[in-house]
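Please read the structure below before turning to the comments.
The shown structure was predicted, so the numbers you read here are calculated from the model rather than taken from an experiment. Every heavy atom of this structure was used, including side-chain atoms; hydrogens, water molecules and symmetry mates were not. Just follow the structure's listing: the first ligand is 1, and inside any ligand the first atom is 1. Positions are given from 1, in the same order as the sequence printed here.
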Amino acid sequence: MRQIDNRLNKMIPELSNPCVLMRDPQRVQDVLRSMERAGSNTVQVISDFDMTLTRFKYNGQRCPTCHNILDNSKLISSECKGQLKELLNTYYPIEIDSSRSIEEKLPLMVEWWTKAHELLVQQEIKKDLLAVVVEESDAMLRDGYEFFFKHLHEHTIPLLIFSAGIGDILEEVIRQAGVFYPNVKVFSNYMHFDESGVLRAFKGVLIHIYNKREGALLNTGHFQELRTRPNVLLLGDSLGDLTMADGVQDMENILKIGFLNDKVEERKQSYLDSYDIVLVTDETMEVPNAILRYLTGNK
Ligand code: TMP
Ligand code: MG
């Protein structure tokens with residue numbers, strides 16, 4: 001065990017950071033070796049957005065999700081803010097409750113998303129104010145995001161951001177951060193605006209945290225285009241994120257990196273069982289970035 005750890009730590013020293021947990025370091029080493037040998041032109045990255053690419057906390061304060069960016073904004077009446085907060089207080093504890101199964105949580109998550117979207121639609125939100133709202137928000141990408149996006153762009157590695165958040169908001173966050181490069185593609189919930197630019201509905205099939213598999217299978221065209229990239233790096237923060245790569249064709253290797261942000265002790269074992277690398281209360285992209293450097297031959 002120690003020998004494996006030593007070799008792995010030589011390959012990627014950041015894997016010995018105290019926030020890194022691995023169920024099976026040998027598997028991590030084998031997968032990384034195999035992906036590196038195949039070359040970075042066989043790699044694709046699939047990442048969740050909220051609390052994976054964005055920070056969970058900053059200075060002890062919770063950072064907003066895409067939904068929270070809107071919920072806390074001047075576009076929402078104070079009465080509606082109260083209702084959205086109530087939904088958050090009811091359903092977020094369920095989202096992170098390790099004593100309930102995914103099957104049990106699923107209908108409750110659909111309920112949360114449906115009720116929240118209904119409330120947002122009632123607010124007649126104007127499309128041209130979204131940029132201002134994002135600018136005025138406390139949204140923060142994780143430390144090291146610049147390298148992550150730039151490196152993937154420079155090595156023409158496709159990045160799919162797969163989010164149960166709000167596509168229009170998410171795109172604005174990465175646009176304002178200057179990292180919405182052409183290799184980035186987004187699957188998310190997009191808003192439908194009428195001809196005067198007022199929010200009337202959400203488009204297409206709802207993506208919530210436990211149906212990413214269905215979302216992936218609806219987008220076969222994207223994965224067909226990327227069929228020459230059977231090596232996947234997956235980044236998530238929820239157990240629902242584990243199915244984001246289910247549409248990948250002829251997959252050869254997958255390395256799953258999970259950010260464990262909240263309720264660490266209760267959830268540690270389930271994260272270790274399902275993610276290859278678990279990052280415990282790590283607000284940075286240090287480990288994913290080190291893995292990307294390794295996969296691109298440290299160039
Ligand atoms: P994702 O990170 O898996 O894409 O999921 C989006 C997150 O958004 C999930 O952690 C729950 C959160 N959320 C809110 O903060 N407010 C809401 O109103 C809803 C529906 C979700
Ligand atoms: Mg998330």
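Under a 4.0 Å N-O distance rule, the pair Asp262/Arg267 does not qualify as a salt bridge. Electrostatic pairing of Lys150 and Glu146 does not count as a salt bridge here, judged by no charged N lying under 4.0 Å from a carboxylate O. Contact check on Glu172 versus Arg175 returns a salt bridge, with a Lys/Arg side-chain nitrogen under 4.0 Å from an Asp/Glu carboxylate oxygen. A salt bridge links Arg27 to Asp276: at least one charged side-chain nitrogen sits closer than 4.0 Å to a carboxylate oxygen. Under 4.0 Å is where a charged nitrogen must lie from a carboxylate oxygen, and between Glu14 and Arg293 at least one such pair does.
Distance check: Lys115 NZ to Glu118 CD gives 9.0 Å after rounding to the nearest 0.5 Å.
Residue Asp50 places at least one N or O, backbone or side chain, under 3.5 Å from an N or O of ligand 1. Taking only nitrogen or oxygen atoms, main chain and side chain alike, Asp71 does not reach within less than 3.5 Å of ligand 1.
Two residues are said to be in side-chain contact when any heavy atoms from C-beta on lie closer than 4.5 Å; Ile174 and Leu53 fail this criterion.
Per-residue contacts place Asp241 under 4.0 angstrom from the following atoms of ligand 1 (heavy atoms of the residue considered): 3 (O). Near Ala116, with a cut-off below 4.0 Å to any heavy atom, the atoms of ligand 1 are 18 (O).
Between atom 14 (C) of ligand 1 and the options Thr65, Ile209, Val110, the minimum heavy-atom separation is to Thr65. When the options His67, Met51, Met244, Arg62 are ranked by their closest heavy atom to atom 21 (C) of ligand 1, first place goes to His67.
Only the side chain of Asn68 comes within 4.0 Å of ligand 1, judged by heavy-atom distances. Residue contacts with ligand 1 for Lys212 involve side-chain atoms from C-beta outward but no N, CA, C or O (heavy atoms, distance under 4.0 Å).
Summary of contacts: the protein heavy atom closest to atom 10 (O) of ligand 1 is Glu95 OE2, 3.0 Å. Trp113 CD2, 3.4 Å is the protein heavy atom nearest to atom 20 (C) of ligand 1. Among all non-hydrogen protein atoms, the one lying nearest atom 2 (O) of ligand 1 is Asp48 OD1, 2.9 Å. Atom 4 (O) of ligand 1 has Ala164 N, 2.6 Å as its closest protein atom, hydrogens excluded (heavy atom only).
For Gly165, the closest heavy-atom approach to ligand 1 falls below 4.0 Å. Ligand 1 lies out of reach of His117, whose nearest heavy atom is not under 4.0 Å from it. A heavy-atom separation below 4.0 Å is found between Trp112 and ligand 1. At a 4.0 Å cut-off, not a single heavy atom of Leu87 sits close enough to ligand 1 to count as contact.
Geometrically, Arg100 does not engage Tyr210 in a cation-pi contact defined by less than 6.0 Å to the ring centre and at most 45° from the axis.
Other residues, nucleotides and ligands place no more than 12 heavy atoms under 6.0 Å from the OH atom of Tyr58.
Under 3.5 Å, the side chains of Asp273 and Ser270 contain no donor-acceptor pair of N or O atoms.
The Mg ion (ligand 2) lies at the vertex of an angle of 100° between the OD1 atom of Asp237 and the O atom of Asp50 (rounded to 10°).
Within Asp48, the N, O or S atom lying nearest to the Mg ion (ligand 2) carries the name OD2.
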Subject >> Pair Arg227-Asp250, salt bridge (Lys or Arg N to Asp or Glu O under 4.0 Å): steps then yes or no >> reply: CA-CA 7 Å; Arg227 67 191 174 281; Asp250 306 319; over 6 Å; no
